[in-house]
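A short write-up of the structure that comes next.
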Amino acid sequence: MAANLAAEAEGGRPAGTAPTPAPRASRTSAKGEQTRARLIAAARTLLAGDGLARFSTRNVAALCGISHGMCHYHFQDRTDLIVAVAHDIGPEWIGPMEAAVDRPGPFSERAERVIGLLTQPEGPDLSRLHSALHWFALSDDRVRAAVDGEYRRWRECFVRLFRVLADEHDGAFDPVPLGTALAAAADGLAAIQSLDARVETEASVRALVSGLAATAVRP
């Protein structure tokens, strides 16, 4: 009896008793997260493929191999699923840029890292996903709000980049217009590059970054 009480006091279990099973809710939650992830992956496949016109929760559920009702258990409607996709792809295109800008170093080093990322062509699946999200955003306010939030994060990367340059020059200029201009130019260049691979991306990006920087700090 004394040994059992001591074991319980130390967070153990009395000798001879079976281990306490994990809470059912935890197992259910883990399985639910797996199902949710599978649905998002299936939605991405449809949106990045030729299924834009037939994108629906029913078709996503069918592709995922689960019931339509289970899909609606995790996502209220089609818009919820599209919004989830918008957030799901963020780490793939925004995350690396945030890391490149926020790693320590002077403006020149951070700018080189940014240029390196901007000169990498966007993968075809990610490009098609962006196009699909923009298309849905034109007619759905919730999708537009989600996509706008992701692009605000994207633009903020470039604002932070030029804020480093501004700090190096004692706050001589406002970094917001320059960061916004670089983000807009980078998006436009990516669109052009998706149509014509002959575009000299690196030369164009370097001209943008160096031109904006020179304009900001010129005497």
Side-chain angles (χ1 to χ4, degrees), residues 36-37 39-41 43-49 51-52 55 75-103 107 110-166 173-196 199 201-202 204-209 211-213 215-216:
R36 179 182 173 86
L39 286 164
I40 294 174
R44 288 183 57 156
T45 298
L46 272 181
L47 289 173
L52 180 60
F55 185 83
F75 299 98
Q76 180 179 357
D77 52 25
R78 185 180 74 165
T79 295
D80 274 355
L81 194 47
I82 297 170
V83 167
V85 170
H87 294 315
D88 187 64
I89 67 174
E92 298 174 29
W93 64 288
I94 305 174
M97 189 62 71
E98 289 177 329
V101 171
D102 294 337
R103 277 169 50 198
F107 172 80
R110 300 187 199 212
E112 281 299 317
R113 294 196 291 262
V114 167
I115 291 170
L117 287 175
L118 290 178
T119 54
Q120 296 177 11
E122 188 174 58
D125 283 352
L126 194 56
S127 179
R128 286 193 289 267
L129 280 171
H130 279 137
S131 296
L133 290 171
H134 278 282
W135 189 85
F136 281 113
L138 294 175
S139 57
D140 191 310
D141 288 344
R142 287 160 59 200
V143 175
R144 182 166 64 249
V147 172
D148 176 60
E150 295 300 296
Y151 272 90
R152 284 177 184 272
R153 282 181 57 196
W154 171 251
R155 293 194 299 271
E156 179 59 26
C157 292
F158 303 109
V159 172
R160 292 204 299 274
L161 173 65
F162 281 104
R163 185 170 292 124
V164 172
L165 182 63
F173 63 91
D174 181 0
V176 175
L178 275 70
T180 303
L182 179 56
D187 291 339
L189 188 59
I192 294 172
Q193 188 182 31
S194 69
L195 299 173
D196 186 356
V199 174
T201 309
E202 183 174 353
S204 300
V205 173
R206 286 191 178 280
L208 281 168
V209 174
L212 289 169
T215 300

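Being a predicted model, the structure only gives us computed values, none of them experimental. Note: hydrogens, waters and symmetry copies are ignored here, and every other heavy atom, side chains too, is used.
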Can you give each donor-acceptor pair under 3.5 Å made by side-chain atoms of residues 118-126, sequence neighbours left out, with the distance rounded to 0.1 Å?
from   : atom 1 : to     : atom 2 : distance (Å)
Thr119 : OG1    : Ile115 : O      : 3.0
Thr119 : OG1    : Gly116 : O      : 2.9
Glu122 : OE2    : His130 : ND1    : 2.9
Asp125 : OD1    : Arg128 : NH2    : 2.8

Centroid separation Trp93 to Tyr151 less than 6.0 Å: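 They qualify: ring centres under 6.0 Å apart.
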Spacing of [atom1] belonging to [X] relative to [atom2] belonging to [Y], to within rounding of 0.5 Å:
X      : Y      : atom1 : atom2 : result
Arg44  : Leu81  : CZ    : CG    : 12.0 Å
Glu98  : Leu117 : CD    : CG    : 11.5 Å
Phe55  : Leu47  : CZ    : CG    : 4.0 Å
Leu161 : Cys157 : CG    : SG    : 9.5 Å
Ile82  : His87  : CD1   : NE2   : 12.0 Å
Asp187 : Arg155 : CG    : CZ    : 8.5 Å

Non-hydrogen atoms of [X] and [Y] that approach each other most closely:
X      : Y      : value
Arg113 : Arg103 : NH2-O, 2.8 Å
Leu165 : Ala213 : CD2-CB, 3.7 Å
Phe158 : Ala183 : CD1-CB, 3.5 Å
Ile94  : Glu150 : CD1-O, 3.2 Å
Ala84  : Phe75  : CB-CE2, 3.6 Å
Ala216 : Leu178 : CB-CD2, 3.4 Å

Ile89 vs Leu133, side chain to side chain contact (heavy atoms under 4.5 Å, CB included): CA-CA, chis, key distance, verdict: CA-CA 11 Å; Ile89 67 174; Leu133 290 171; 3.7 Å; yes
Quick one, [X] and [Y] - any side-chain contact, counting heavy atoms below 4.5 Å?
X      : Y      : value
Phe173 : Thr215 : no
His134 : Leu138 : no
Glu112 : Arg206 : yes

Taking the basic N atoms (NZ, or NE/NH1/NH2) and the acidic carboxylate oxygens, is any pair closer than 4.0 Å for Glu156 and Arg163?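 Salt bridge between Glu156 and Arg163, a charged N being under 4.0 Å from a carboxylate O: yes.
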What pairs with Arg142 under side-chain contact (heavy atoms from CB on, under 4.5 Å), at least two apart in sequence or on another chain?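 Asp77, Thr79, Asp80, Asp140.
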State whether the number of non-hydrogen atoms from other residues, nucleotides or ligands found under 6.0 Å of Arg153 atom CZ is greater than 12.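 Counting other residues, nucleotides and ligands, CZ of Arg153 exceeds 12 neighbours.
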